[in-house]
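Here's the structure, in structure tokens; my notes come after.
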Amino acid sequence: MCGRYAASRRPEDLVDIFGVEMGVPPARAESRAWGREPEETLAPDWNVAPTKEVWAVLERPLKDAESPRPVRQLRALKWGLVPSWAKSPEGAARMINARAETLDEKPSFKKAFAARRCILPADGYYEWVTGAGERELEVEGKKKRPRKQPYFVTPADGSVFAMAGLYEFWRDRTLPAEHPSAWWVTCSVITTEAETGPLGVAPAEGPQSLADIHPRMPLMLTEDRWDAWLDPARTDPEELRGLLAAPPGGLMRAYPVATEVSNVRNNGPELLEELAGPEIITLF
């Protein structure tokens with residue numbers, strides 16, 4: 001799964017990386033207003049948690065534009081997808097991930113998969129490995145909250161981690177249409193089975209594959225898939241499922257980081273500093 005990640009690149013850099021053509025209004029801006037001048041920006045975030053606003057790259061036509069041509073845009077969305085049919089947004093924190101294997105089956109994601117796909121740019125993501133002693137106690141039912149060692153997973157070449165995502169519009173019917181919070185635009189990270197092959201760069205001590213850390217991982221889109229993934233004209237289920245294939249192996253590195261990242265209140269580039277070895281002894 002993906003429950004925490006880092007995203008520190010400037011929007012100007014993301015515009016260049018992804019060939020973005022249009023601006024950045026806020027995540028809760030009313031959908032019909034998309035296409036206005038930018039109203040806000042997001043600060044670098046080294047500890048992105050559910051319900052925070054995050055950058056997303058997507059393609060859709062601009063409101064009131066003469067041409068219906070989809071335009072590539074950089075938008076600030078709220079992490080935690082709220083289906084359009086939901087009565088309230090209360091379950092958003094539970095909809096941060098969408099399993100690649102069932103996107104075209106689940107009512108919460110089916111329509112978004114067909115027409116509202118996006119890329120969520122990241123530096124990398126965090127995942128936690130349970131300590132060996134704590135894991136044994138957890139199995140025996142003697143410890144409910146085991147200590148865990150966090151690892152940071154990032155492209156080995158330092159490039160952007162382009163996570164496949166979905167986005168959705170939700171209308172708050174308790175508010176008038178002209179209210180600035182009448183519309184929410186939310187998103188979810190697509191996950192897939194974690195790679196079992198060796199990491200591109202593995203820690204000297206610890207896991208040697210992503211599957212050693214966690215059985216699932218965010219689906220990373222290599223650059224050759226960006227255009228097809230973002231194209232809203234692509235709606236054929238078989239073609240779309242083909243875009244969910246795992247990227248080539250060996251592109252990632254993972255290393256242990258300080259347990260301070262476990263507290264969402266902690267934030268800063270120091271959270272990405274590599275430790276010489278894990279703070280908590282694991283099974284590796």
Original post:
Is it the case that more than 12 heavy atoms not belonging to Glu223 sit under 6.0 Å from its CD atom?
Top reply: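 Open: at most 12 neighbouring heavy atoms sit under 6.0 Å from CD of Glu223.
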In Å and rounded to the nearest 0.5 Å, what is the [atom1] to [atom2] distance from [X] to [Y]?
{"X": "Leu230", "Y": "Ile119", "atom1": "CG", "atom2": "CD1", "answer": "4.0 Å"}
{"X": "Leu244", "Y": "Arg99", "atom1": "CG", "atom2": "CZ", "answer": "12.5 Å"}
{"X": "Arg117", "Y": "Asp231", "atom1": "CZ", "atom2": "CG", "answer": "7.0 Å"}
{"X": "Gln73", "Y": "Glu59", "atom1": "CD", "atom2": "CD", "answer": "8.5 Å"}
{"X": "Phe169", "Y": "Arg116", "atom1": "CZ", "atom2": "CZ", "answer": "7.0 Å"}
{"X": "Ile96", "Y": "Cys187", "atom1": "CD1", "atom2": "SG", "answer": "10.5 Å"}

Going by atom types alone, do [X] and [Y] pair a side-chain donor with an acceptor below 3.5 Å?
{"X": "Arg253", "Y": "Tyr151", "value": "no"}
{"X": "Thr191", "Y": "Arg216", "value": "yes"}
{"X": "Asp45", "Y": "Asn267", "value": "yes"}
{"X": "Thr51", "Y": "Trp79", "value": "no"}

**OP:** Describe, in one word, how the ring planes of Trp226 and Phe18 are oriented to each other, choosing from parallel (under 30°), tilted (30 to 60°) and perpendicular (over 60°).
**Re:**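 The rings of Trp226 and Phe18 sit tilted, inter-plane angle from 30° to 60°.
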Within the distance-only criterion (no hydrogens, no angle test), does the side chain of [X] pair as donor or acceptor with the backbone N or O of [Y] below 3.5 angstrom?
{"X": "Asp123", "Y": "Ser8", "answer": "yes"}
{"X": "Trp170", "Y": "Ala86", "answer": "yes"}
{"X": "Ser188", "Y": "Met95", "answer": "yes"}
{"X": "Asp104", "Y": "Arg241", "answer": "no"}
{"X": "Asn97", "Y": "Cys2", "answer": "yes"}

Subject >> Stepwise ring-ring contact (aromatic ring centres under 6.0 Å, His included) test for Trp46 and Tyr5 >> reply: CA-CA 7 Å; Trp46 291 271; Tyr5 68 92; over 10 Å; no
**OP:** Would you sort out whether Lys52 and Lys78 count as a side chain to side chain contact (heavy atoms under 4.5 Å, CB included), showing the intermediate values?
**Re:** CA-CA 6 Å; Lys52 281 189 173 183; Lys78 185 178 290 292; over 6 Å; no
Subject >> Non-neighbouring partners of Asp16 that pass side-chain hydrogen bond (donor to acceptor under 3.5 Å, both in side chains), sequence neighbours left out >> reply: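 Testing Asp16 for side-chain hydrogen bond (donor to acceptor under 3.5 Å, both in side chains), a comparison that skips the adjacent residues, returns none.
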Grab the two heavy atoms, one from [X] and one from [Y], that are nearest each other, plus how far apart they are.
{"X": "Phe152", "Y": "Tyr126", "value": "CD1-CE2, 3.5 Å"}
{"X": "Leu219", "Y": "Ala245", "value": "CD1-O, 3.8 Å"}
{"X": "Lys148", "Y": "Thr259", "value": "O-CG2, 4.0 Å"}
{"X": "Leu81", "Y": "Thr186", "value": "CA-OG1, 3.3 Å"}
{"X": "Leu240", "Y": "Arg234", "value": "CD2-O, 3.5 Å"}
{"X": "Pro248", "Y": "Thr222", "value": "CD-CG2, 4.1 Å"}

Subject >> Sidechain N-carboxylate O distance under 4.0 Å for Glu21, Arg69 >> reply: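 Yes.
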